[in-house]
Visitor: 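My questions all concern the structure below.
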Amino acid sequence: MKKCENKRDGFHTRWGFILACIGSAVGMGNIWLFPYRVGQFGGAVFLIPYLIFVILIGFAGVIGEMTFGRAMEAGTLGAFGKAMEKVGKSKGLGEWLALIPVLGGFALAVGYSVVVGWILRFLAGALSGTALEAESSGAYFGSIASHFGSVGWHVLGLGFMLWDKRFSLYLLRGQEHWFMALI
């Protein structure tokens, strides 16, 4: 009888993994709000506790999440289900609990899709010239962000965010090789 191998996707290099962790840890708040907060709360005085909390919480979160996933040898739903079975509870209860982080990730994707929609709308406006005709970029943004003016663009952005898994994994592998070439 032939033994079935369970091949899992993974990173080909350590740097690819490190860059993916950094990329997933840096969110919109760190890009948009961070410079403002540093200036508002005194520069280095704000940076010291910020870096301490990022290192402590981020490090513990990444290590904990990876350890849990590797120990259970499964994705989110399977890992929570197996963990509940190991403590004598229902696998179904674990899978229901696993919906919390899954839906949280989905909510993040929806939030990012709004930003992606605005970016696509700005790109289309820049290419067509309508963004350049506005009196300022703030006025243009105000016109596209109000009265459901960009819903179609947000849906398109959501489509990009929820693209077919096989294609996104293919892109991820390609990005890893591209990042390695840059380093």
Side-chain angles (χ1 to χ4, degrees), residues 9-55 57-59 61-62 65 75-76 99-183:
D9 287 323
F11 292 94
H12 300 290
T13 65
R14 175 175 276 169
W15 274 107
F17 171 74
I18 291 170
L19 291 172
C21 284
I22 291 170
S24 66
V26 175
M28 285 189 283
N30 281 331
I31 293 171
W32 287 354
L33 197 57
F34 181 75
Y36 171 75
R37 293 283 188 207
V38 170
Q40 184 182 23
F41 294 119
V45 175
F46 176 74
L47 275 177
I48 293 168
Y50 175 82
L51 289 175
I52 289 170
F53 284 113
V54 165
I55 290 168
I57 295 171
F59 186 72
V62 168
E65 187 176 334
T76 307
L99 287 176
I100 295 170
V102 169
L103 292 175
F106 177 74
L108 285 173
V110 169
Y112 278 113
S113 72
V114 171
V115 176
V116 170
W118 285 331
I119 291 168
L120 293 172
R121 178 75 187 262
F122 260 94
L123 178 64
L127 293 175
S128 69
T130 57
L132 302 174
E133 295 169 359
E135 61 185 67
S136 70
S137 62
Y140 182 73
F141 180 74
S143 71
I144 68 170
S146 61
H147 304 294
F148 300 103
S150 297
V151 172
W153 295 99
H154 298 313
V155 170
L156 184 61
L158 184 61
F160 282 134
M161 299 301 291
L162 301 175
W163 195 291
D164 180 42
K165 181 182 174 187
R166 288 169 296 196
F167 186 69
S168 62
L169 287 174
Y170 173 76
L171 287 177
L172 181 63
R173 283 191 211 107
Q175 286 176 348
E176 182 181 356
H177 295 300
W178 186 75
F179 285 133
M180 293 302 101
L182 287 176
I183 293 174

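Just so it is clear, the structure is predicted and the values come from calculations on it, not from any experiment.
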Visitor: Applying side-chain contact (heavy atoms from CB on, under 4.5 Å), name anything that partners Ile48, two or more places apart in sequence or on another chain.
Guide: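 By the side-chain contact (heavy atoms from CB on, under 4.5 Å) rule, Ile48 matches Ile52.
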Visitor: In chain order, what residues pass the side-chain contact (heavy atoms from CB on, under 4.5 Å) check against Val155, with sequence neighbours excluded?
Guide: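 Partners of Val155 under the side-chain contact (heavy atoms from CB on, under 4.5 Å) test: Val151.
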Visitor: Can you name the side-chain contact (heavy atoms from CB on, under 4.5 Å) partners of Tyr140, sequence neighbours left out?
Guide: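 With neighbours one apart ignored, the set is Arg121, Phe122, Thr130, Ala131, Ala134, Ser143, Ile144.
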Visitor: Heavy atoms only: give me the nearest Ser128-Gly125 pair and the separation to one decimal.
Guide: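 Heavy-atom minimum between the residues: OG-O, 3.4 Å.
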Visitor: For residues Pro101 and Thr76, report the shortest heavy-atom separation together with the two atoms involved.
Guide: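 For Pro101 versus Thr76, the nearest heavy atoms are CG-CG2, 4.0 Å.
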